[in-house]
Amino acid sequence: GGKDYDAILIVYNSFVNAAVYKQAYKVITPLKAETIEGDDVLGNYEFEPDDKAEGLEDLYEYLLASQLYHSFMDGACSEQSSRMTAMENASKNAGEMI
């Protein structure tokens, strides 16, 4: 099918360690069967069915789903780490007040 976009940009929080996360982004562009110069991409491989463009479209869908899942999991890990650190600091401060 026709695509109405040139690329997909995913912005998410990336886990670094228990105290730190950073904002990150990924740019995912559609896979193409040929390069701009007209060279065949993956010319040494056979595709079933023989339509390489369809095979690359299927691979692109898998790539996009995998990258979205990774971004969601990385963001969830960052959130849980931040919550853990916040609760640890709150418990420490409450202990000092008592």
**Request:** Just do the side chain to side chain contact (heavy atoms under 4.5 Å, CB included) check on Tyr21 and Ser81 with the steps written out, would you?
**Result:** CA-CA 9 Å; Tyr21 64 89; Ser81 176; over 6 Å; no

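Phe72 is not connected to Phe15 by any chain of hydrophobic side-chain contacts under 4.5 Å among Ile, Leu, Val, Met, Phe, Trp and Tyr, and they are in different clusters. When hydrophobic clusters are built by joining Ile, Leu, Val, Met, Phe, Trp and Tyr residues whose side-chain heavy atoms come closer than 4.5 Å, directly or via intermediates, Leu63 is grouped together with Leu68. Residues Tyr5 and Leu59 are members of one and the same hydrophobic cluster, defined by side-chain heavy-atom contacts under 4.5 angstrom among Ile, Leu, Val, Met, Phe, Trp and Tyr.
Residue pairs meeting the salt bridge (charged side-chain N to carboxylate O under 4.0 Å, His left out) criterion with at least one member in residues 72-82, sequence neighbours excluded: Glu79-Arg83. Among residue pairs with one or both ends in residues 5-28, none qualify as salt bridge (charged side-chain N to carboxylate O under 4.0 Å, His left out); sequence neighbours excluded. The stretch residues 86-98 participates, sequence neighbours left out, in no salt bridge (charged side-chain N to carboxylate O under 4.0 Å, His left out) pair at all.
The hydrophobic cluster analysis finds Met84 isolated: no Ile, Leu, Val, Met, Phe, Trp or Tyr side chain comes under 4.5 Å of it, directly or through other members. Applying the under-4.5 Å side-chain rule to Ile, Leu, Val, Met, Phe, Trp and Tyr, the cluster around Val11 extends to Leu9, Tyr25, Val27. Grouping Ile, Leu, Val, Met, Phe, Trp and Tyr residues whose side-chain heavy atoms lie under 4.5 Å apart, directly or via other members, places Val20 in a hydrophobic cluster with Val16.
Contacts of Asn89 classified as side chain to side chain contact (heavy atoms under 4.5 Å, CB included), with partners at least two apart in sequence or in another chain: Thr85. Residues passing the side chain to side chain contact (heavy atoms under 4.5 Å, CB included) test with Ala76: none are found, sequence neighbours excluded. Residues satisfying the side chain to side chain contact (heavy atoms under 4.5 Å, CB included) criterion with Ser91, sequence neighbours excluded, are absent altogether. Looking at residues two or more places apart in sequence or on another chain, you find no side chain to side chain contact (heavy atoms under 4.5 Å, CB included) involving Ala65.
Closest approach of Ser78 to Ser14, counting heavy atoms only: OG-C, 3.3 Å.
For Gln23, the CD atom counts as densely surrounded, since its 6.0 Å shell holds more than 12 non-hydrogen atoms of other residues, nucleotides or ligands.
In this structure, the separation between OH on Tyr69 and CG on Leu64 is 15.5 Å, given to the nearest 0.5 Å.
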